[in-house]
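A short worksheet on the structure shown next.
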Number of protein chains: 2
Amino acid sequence: MRLAELSEQSGVSIATIKYYLRERLLPPGRRVTATQAEYDEAHLRRLRLVRAMIQVGGMPVATAREVLAHIDDESLGLTMRLGAATWALPQPPEAPLDDAASTDARQEVERLLEELGWDSVREVGDLSPVYRSLITSIATLNGLGYTVSAAELLPYARQMEQIAIHDMDQLENLPEGTEQVEAAVAAQVLYDPLLLSLRRLALEAETTRRYGMA
Amino acid sequence: MRLAELSEQSGVSIATIKYYLRERLLPPGRRVTATQAEYDEAHLRRLRLVRAMIQVGGMPVATAREVLAHIDDESLGLTMRLGAATWALPQPPEAPLDDAASTDARQEVERLLEELGWDSVREVGDLSPVYRSLITSIATLNGLGYTVSAAELLPYARQMEQIAIHDMDQLENLPEGTEQVEAAVAAQVLYDPLLLSLRRLALEAETTRRYGMA
DNA sequence: ATGATTGGATAGTGCCACTCTCCATTGAAG
DNA sequence: CTTCAATGGAGAGTGGCACTATCCAATCAT
């Protein structure tokens, strides 16, 4: 497959594909001559994932690159690659974590995790980025005058737990290989906006159920 | 309260506040003299909401302005104001909705809503933006080669339904007034990132629960 | 042989959330 | 009363980012 065909099949412009190659979001094609390269199905699949991460997931290019690097890290087992890829996901800027607001927020999260029995997450030496970004979000909200307590988060966390269990069940049904990791990352990233849309839709349905139509 | 004090209290720079005033995200202060204006608690509260929508919710300024316009629309009842504000929320670009991919996506969503019994959402003449953006997301994913079926979405939707019920219960405990609408919008917008963080964290916990630590 | 196409490099574009600079007015200190 | 820093307002400028347009030499198809 040549660049032009890759572009057609994916619906991504040639210029953009070149940009992704430059940014190492897409591995270079197999060089055939000095001026031509050959691409295959894996490139197409990867390109779709990249588009999805950036366009649907709203992820910055740098983050997408990190996630992909973990997916491709042959030195890790599949489970770890998935974990590492998820590990690299969060987009919020890493905050200091040592000011007063963050300390409060962290205590609140600790309380929440204890309540939930998610002890494994706390026992890791380095705080996972997800953990950190949760703390940052809460600290930010607190700073803006919106207090967020463990008690308020608990019901949300319980629902997310159900979803995580469902996700893992789904994941175990996939064939092994890089494809599995890609699919898992895709599911994590791409379902986020769907989840939020569903939340809004559910709220709409519930509102009219309680108060009737406009 | 002068501009400088508003800036200090909120932690938002004077230049940025001026920008928000210009963009009509913040109502002008009460003019005291030709060159000075007075701001109050409502301004501070509004400013915090704006910051939260933009910074935490990642919302574009134009969208934030629309949402605020609905919050302030005195001609609507509280429930409607909340609905209208939520109505204006989605950020994904409105897609055509009439191509083949969208038709498929729409059918899938119809199927899902029927299954869930969220009939009210479908019965509205104009499709709600949330509904539209859900269809668009699914169509995009389909176009990228990730098929999303009603069956796959169902478990997620059920969890979101629980969250929506919880949200409505919380909402009914708030005192009435513009504050209530603001708080409701804040909850909708600001809890989104928290929800996603919690999802990731839950997945991490579930992964180590099943496969042990790294 | 020759014109079109390819991959690669570089510079430019458009958007957007700010941020800087300037200005006339005005409140406060001496 | 005088002087000087501060205020609110308006327009232009900045920086980041995801592309995109332009070139160019090599090479493929005819």
Side-chain angles (χ1 to χ4, degrees), chain A residues 1-40 43 47-68 91-94 140 144 189, chain B residues 1-40 43-44 47-68 91-93 140 144 189:
Chain A
M1 208 189 297
R2 295 267 195 277
L3 230 193
E5 196 182 345
L6 185 63
S7 168
E8 272 177 48
Q9 298 264 340
S10 62
V12 180
S13 81
I14 292 185
T16 301
I17 295 179
K18 286 183 177 183
Y19 169 64
Y20 288 161
L21 286 167
R22 231 176 307 142
E23 294 292 325
R24 285 173 301 129
L25 296 182
L26 206 57
R30 192 175 54 81
R31 295 303 298 268
V32 171
T33 76
T35 62
Q36 258 166 322
E38 179 82 10
Y39 303 91
D40 58 17
H43 285 95
L47 181 54
R48 282 179 172 150
L49 179 59
V50 168
R51 277 312 281 181
M53 286 197 290
I54 289 174
Q55 191 177 311
V56 181
M59 195 177 293
V61 164
T63 307
R65 180 165 47 231
E66 274 181 66
V67 173
L68 294 172
Q91 50 253 56
E94 301 280 333
T140 306
L144 290 171
V189 176
Chain B
M1 210 190 300
R2 296 269 191 276
L3 228 194
E5 196 182 344
L6 186 62
S7 168
E8 272 176 49
Q9 298 265 339
S10 61
V12 179
S13 80
I14 291 184
T16 301
I17 296 180
K18 287 182 177 182
Y19 168 64
Y20 289 160
L21 285 168
R22 233 176 304 150
E23 294 292 324
R24 284 172 302 130
L25 297 183
L26 205 57
R30 192 175 53 80
R31 295 301 301 266
V32 171
T33 76
T35 62
Q36 258 165 324
E38 179 84 8
Y39 304 91
D40 57 18
H43 285 96
L44 185 56
L47 181 54
R48 281 178 172 149
L49 179 60
V50 168
R51 278 312 280 181
M53 287 196 289
I54 290 174
Q55 191 177 310
V56 181
M59 194 178 293
V61 164
T63 307
R65 180 167 43 233
E66 275 181 66
V67 173
L68 293 172
Q91 49 252 59
T140 306
L144 289 170
V189 176

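Small disclaimer: the values here were computed from a predicted structure and weren't measured. Residue numbering restarts at 1 for every chain, and letters A, B, ... go by the order of the sequence lines.
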| message | By the 4.0 Å heavy-atom rule, please label R51(B) as base, sugar-phosphate, or nothing. | response | sugar-phosphate

| said: Does the protein touch nucleotides 1-16 of chain C at the base, only the backbone, or not at all? Give it as B, S and - per nucleotide, heavy atoms under 4.0 Å. | reply: -----SBB-BB-----

| request: Calculate, to the nearest 0.5 Å, the distance between atoms NE2 and CD belonging to H43(B) and E5(B) respectively. | output: 13.5 Å

| query | Looking across every strand, which nucleic acid part, if any, lies under 4.0 Å from R30(A) by heavy atom: base, sugar-phosphate, or nothing? | reply | nothing

| task | Report yes if at least one side-chain N or O of T16(B) is closer than 4.0 Å to OP1 or OP2 of dA17(C); otherwise report no. | result | no

| note | Here the gap from E8(B) atom CD to R2(B) atom CZ, rounded to the nearest 0.5 Å, amounts to 13.5 Å

| query | If you round to the nearest 0.5 Å, how far is CZ of R31(B) from CD of E38(B)? | reply | 12.0 Å

| 4.5 Å side-chain heavy-atom contact, V61(A) and I54(A) | yes

| note | Contact span of DNA chain D against chain B, any nucleotide atom under 4.0 Å from a heavy atom, 5' to 3', runs dT7(D) to dA12(D)

Under 3.5 Å, side-chain donor or acceptor atoms of residues 14-27 of chain A against the rest of the protein: list the pairs with distances, not counting sequence neighbours.
{"from": "T16(A)", "atom 1": "OG1", "to": "S13(A)", "atom 2": "OG", "distance (Å)": "2.9"}
{"from": "Y20(A)", "atom 1": "OH", "to": "R51(A)", "atom 2": "NH1", "distance (Å)": "2.8"}
{"from": "E23(A)", "atom 1": "OE1", "to": "R65(A)", "atom 2": "NH1", "distance (Å)": "3.2"}

| query | Could you state the interatomic distance from CE (M53(B)) to CG (L68(B)), rounded to the nearest 0.5 Å? | reply | 4.0 Å

| query | Which atom pair, heavy atoms only, marks the closest approach of R48(B) to Q9(B)? | reply | NH2-O, 3.7 Å

| query | Are Y39(B) and L44(B) side-chain neighbours, meaning at least one heavy-atom pair lies under 4.5 Å? | reply | no

| query | Mapping V32(B) and S13(B) onto DNA chain C by nearest heavy atom, which one lands closer to the 5' end? | reply | S13(B)

